[in-house]
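Each chain gets a letter, A, B and so on, in the order its sequence line appears, and its residues count up from 1.
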Amino acid sequence: MKPLSGFKDLLPCDYARRRYLTEGWRDIARRYGFVEFDGPTLESLELYQKKNSGGEILTQLYQFTDRGDRPVALRPEMTPTLARIVAAHDREFAKPLRWFNVGNCFRYERQQRGRLREFLQLNCDLLGERSVTADAEIIALLIDQLRHFGFGPNDVTIRLSDRLAWHDFLEQFGIKKESTTEFLNIVDKMEREPQEKTEEKLAALEHSGLTVEKLREFMTSPTIPVLEPLLEELAARGLRDFIKPDLSIVRGLAYYTGVVFEAFALQGSLRAVAGGGRYDRLIHDLSNGAVTLPAVGFGMGDAVMLEFLKEVPLATQREEEFHAATSSCQVYLVIADEALRPQAVGLAQQLRDAGLRVAFSLASERVGKQFSAAENGGASFAVMIGDEWPQLKIKRLSTREEMSVPQGGLVEWLMDCSKG
RNA sequence: GUGGCCGUAGCUCAAUGGUAGAGCUCCAGGUUGUGGUCCUGGCUGUUGCGGGUUCGAGUCCCGUCGGUCACCCCA
């Protein structure tokens with residue numbers, strides 16, 4: 001029996017990789033004062049159909065009717081759940097809210113490398129602040145997440161856009177509000193489609209005097225006025241190198257109202273590793289107008305990140321250092337004389353009480369095999385318990401150097417070493 | 001959801017339609033207390049699954065499941 005397509009069994013080595021990722025996510029989110037929350041994996045279908053998510057994501061829902069005939073869906077993303085929770089508890093928290101979540105999400109789509117049907121996503125959201133400082137804070141957090149894992153401006157870039165720029169543009173050319181989504185879709189596909197196709201689509205739209213040339217001219221203009229304050233603040237943080245203003249980024253989700261951005265991998269097979277934007281109306285709409293709370297946030301998926309980590313040398317190196325530091329065993333007790341097993345387990349207990357990760361052979365085994373097991377488990381030290389008792393021979397496995405320590409001083413000796 | 005490629009031992013892969021193999025891993029040894037190299041030996045398969053063609057199918061055909069790439073879109 002295999003797991004379903006798009007779902008994964010996580011063996012210990014897979015889970016170690018996941019832990020590396022999620023511990024990094026949490027660490028950096030907390031540096032920005034973000035607190036972790038969670039919500040249900042299963043939600044009412046209605047939460048996603050209130051014209052909030054919109055587009056593609058609705059066709060990818062894992063949806064079904066539960067035993068009580070309720071239409072339900074596994075969450076495809078965290079934002080609607082967050083919006084629902086925040087709308088319900090609005091009065092309980094001082095603003096702004098800095099909330100994050102690491103949770104599994106589900107989308108029914110064809111699996112590919114970096115894309116699964118169940119995946120883990122980091123979500124960071126800043127709620128209750130309308131100004132550009134919140135946008136900057138969120139984007140800085142996103143960049144610091146990436147920097148933490150060893151990615152630099154040559155590995156990843158934040159493509160930044162703003163839907164407000166497009167709203168002005170639409171007005172200028174007399175394109176109706178109802179056609180906004182359709183128009184942004186054309187923009188989204190422009191760089192992937194031949195010009196004739198774009199012209200054709202544009203012609204089908206009601207407008208006054210808009211041409212592909214004018215559209216292109218607008219998109220390639222050297223400065224985008226609405227983005228300037230945000231760019232300035234990011235520059236003040238020293239993060240400007242990561243940013244590439246790009247009006248072709250419009251994002252698929254319907255609820256975005258202002259700034260939108262995507263973190264794009266420059267190395268390897270170009271992919272979006274994270275994405276987000278401002279959604280000032282979602283909470284208002286979801287609560288039927290009861291709560292109005294501007295918000296900005298982003299999501300970052302584990303499947304893409306774990307692939308990306310393998311493609312950038314510095315990122316790979318950092319991950320390996322993590323795994324070395326968190327190996328399942330630091331100290332391996334080699335029981336050379338089976339008669340001393342009681343003393344050995346006593347030592348193991350002392351070492352474990354002191355917080356060290358300790359392993360030893362459970363069966364009588366040749367010394368060579370025990371050293372092999374020590375090596376295998378990633379131990380830094382092997383401690384020989386044998387003829388020398390009550391002296392112990394300690395061997396540093398990386399250098400093969402050996403030293404002698406009395407059994408009473410072992411804990412202290414190892415604690416000193418593990419500090420250094 | 002659409003199209004292409006792939007599926008053989010735990011892993012990576014061989015095998016002009018004619019007896020299913022190699023390397024790595026793993027296990028056991030290389031005389032009684034030392035691991036990452038070395039030497040010897042050993043285990044492992046309903047060739048993803050189900051049909052069909054054929055004297056004979058891992059190989060050809062159909063279906064199905066899984067993987068992968070592109071499209072779509074995105075985490």
K.L.:
Taking atom C1' in both B/G3 and B/A15, what distance in whole Å separates the two?
P.N.:
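My reading of the C1' atoms in B/G3 and B/A15 gives 31 Å.
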K.L.:
Could you give the distance separating B/C13 and B/U47 at their C1' atoms, to the nearest angstrom?
P.N.:
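Roughly 13 Å separates the two C1' atoms.
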K.L.:
Assign A/Glu109 to base, sugar-phosphate, or nothing according to its heavy-atom contacts below 4.0 angstrom with the strands shown.
P.N.:
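Base, at least one base heavy atom under 4.0 Å.
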K.L.:
Decide side-chain hydrogen bond (donor to acceptor under 3.5 Å, both in side chains) for A/Asp125 and A/Tyr279; before the verdict, give the C-alpha distance in whole Å, the side-chain angles of both, and the deciding distance to 0.1 Å.
P.N.:
CA-CA 10 Å; A/Asp125 294 90; A/Tyr279 50 100; 2.5 Å; yes
K.L.:
Could you give the OH-to-P distance, from A/Tyr256 to B/A75, as a whole number of Å?
P.N.:
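Taking OH of A/Tyr256 and P of B/A75, I get 6 Å after rounding.
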K.L.:
Please state how far atom CD in A/Glu402 lies from atom P in B/G33, giving the value in whole angstrom units.
P.N.:
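Taking atom P of B/G33 as the reference, CD of A/Glu402 is at 15 Å.
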K.L.:
Just to confirm, is there a sub-4.0 Å distance from OP1 or OP2 of B/U34 to any side-chain nitrogen or oxygen of A/Gln370?
P.N.:
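A/Gln370 to B/U34 OP1/OP2: no side-chain N or O under 4.0 Å.
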K.L.:
Mind checking the P distance from B/G48 to B/G7? Whole angstroms is fine.
P.N.:
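Pairwise P distance, B/G48 against B/G7, rounds to 8 Å.
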K.L.:
Taking the side chain as every heavy atom from C-beta outward, state whether A/Val331 and A/Leu410 have any pair of such atoms under 4.5 Å apart.
P.N.:
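No, their side chains stay 4.5 Å or more apart.
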K.L.:
When we call it a touch if two heavy atoms are under 4.0 Å apart, what does A/Glu262 touch: a base, just sugar-phosphate, or nothing?
P.N.:
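Nothing: the residue A/Glu262, judged by heavy atoms under 4.0 Å, touches no strand.
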K.L.:
Ignoring hydrogens and angles, are the base of B/G36 and the side chain of A/Arg400 linked by a donor-acceptor pair under 3.5 Å?
P.N.:
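Indeed there is one.
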K.L.:
Indicate whether OP1 or OP2 belonging to B/C73 is found under 4.0 Å from a side-chain N or O atom of A/Gln60.
P.N.:
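It does not, given that no N or O in the side chain of A/Gln60 lies less than 4.0 Å from OP1 or OP2 of B/C73.
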K.L.:
Which class fits the ring pair A/Phe169 and A/Phe173: parallel under 30°, tilted 30 to 60°, perpendicular over 60°?
P.N.:
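Answer is tilted, since the angle falls between 30° and 60°.
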K.L.:
Go through residues 383-394 of chain A and report each residue with a non-hydrogen atom lying under 4.0 Å from RNA chain B, sorted by number.
P.N.:
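A/Met384, A/Gly386, A/Asp387, A/Glu388, A/Lys393 - these, ordered by number, are the residues of the stretch whose heavy atoms sit under 4.0 Å from the strand.
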K.L.:
Between B/C74 and A/Arg107, counting only base atoms on the nucleotide and side-chain atoms on the residue, is there a donor-acceptor pair under 3.5 Å?
P.N.:
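Checked by distance alone, the answer is no.
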K.L.:
When the distance from CZ of A/Phe261 to C1' of B/A75 is rounded to whole Å, what number comes out?
P.N.:
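Rounded to whole Å, this separation is 13 Å.
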K.L.:
Would you call the rings of A/Tyr20 and A/His323 parallel, tilted or perpendicular if under 30° counts as parallel and over 60° as perpendicular?
P.N.:
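Plane angle between 30° and 60°, so tilted.
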K.L.:
With a 4.0 Å cut-off on heavy atoms, is A/Gly377 in touch with a base, just the backbone sugar-phosphate, or nothing at all?
P.N.:
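If one applies the 4.0 Å heavy-atom cut-off, A/Gly377 turns out to touch nothing in the nucleic acid.
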K.L.:
Under 4.0 Å: is that the gap between some side-chain N or O of A/Lys369 and OP1 or OP2 of B/U34?
P.N.:
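Looking at the OP1 and OP2 atoms of B/U34, neither is under 4.0 Å from any side-chain N or O of A/Lys369.
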K.L.:
For A/Ala274, answer base if it contacts any base atom (sugar-phosphate contacts may also be present), sugar-phosphate if it contacts only those atoms, and nothing otherwise; contact means non-hydrogen atoms under 4.0 Å.
P.N.:
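Sugar-phosphate: the residue A/Ala274, judged by heavy atoms under 4.0 Å, touches backbone atoms but no base.
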K.L.:
Could you tell me how far B/U8 sits from B/G67 if I compare only their P atoms? Round to whole Å.
P.N.:
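Result for the P pair: 14 Å, nearest Å.
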K.L.:
For B/C26 and B/G58, measure between their P atoms and round to the nearest Å.
P.N.:
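One P to the other, the span is 32 Å.
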K.L.:
Tell whether A/Arg110 reaches the base of B/G67 with its side chain through a donor-acceptor pair below 3.5 angstrom.
P.N.:
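No such pair is found, so the answer is no.
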K.L.:
Please output the side-chain donor-acceptor pairs of residues 141-151 of chain A that fall under 3.5 Å, not counting sequence neighbours, one pair per line with the distance.
P.N.:
{"from": "A/Asp144", "atom 1": "OD1", "to": "A/Arg147", "atom 2": "NH1", "distance (Å)": "2.6"}
{"from": "A/Asp144", "atom 1": "OD2", "to": "A/Tyr32", "atom 2": "OH", "distance (Å)": "2.4"}
{"from": "A/Gln145", "atom 1": "NE2", "to": "A/Trp25", "atom 2": "O", "distance (Å)": "3.1"}

K.L.:
How is A/Leu116 classified with respect to the nucleic acid when contacts are heavy atoms under 4.0 Å: base, sugar-phosphate, or nothing?
P.N.:
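Result for A/Leu116 = base.
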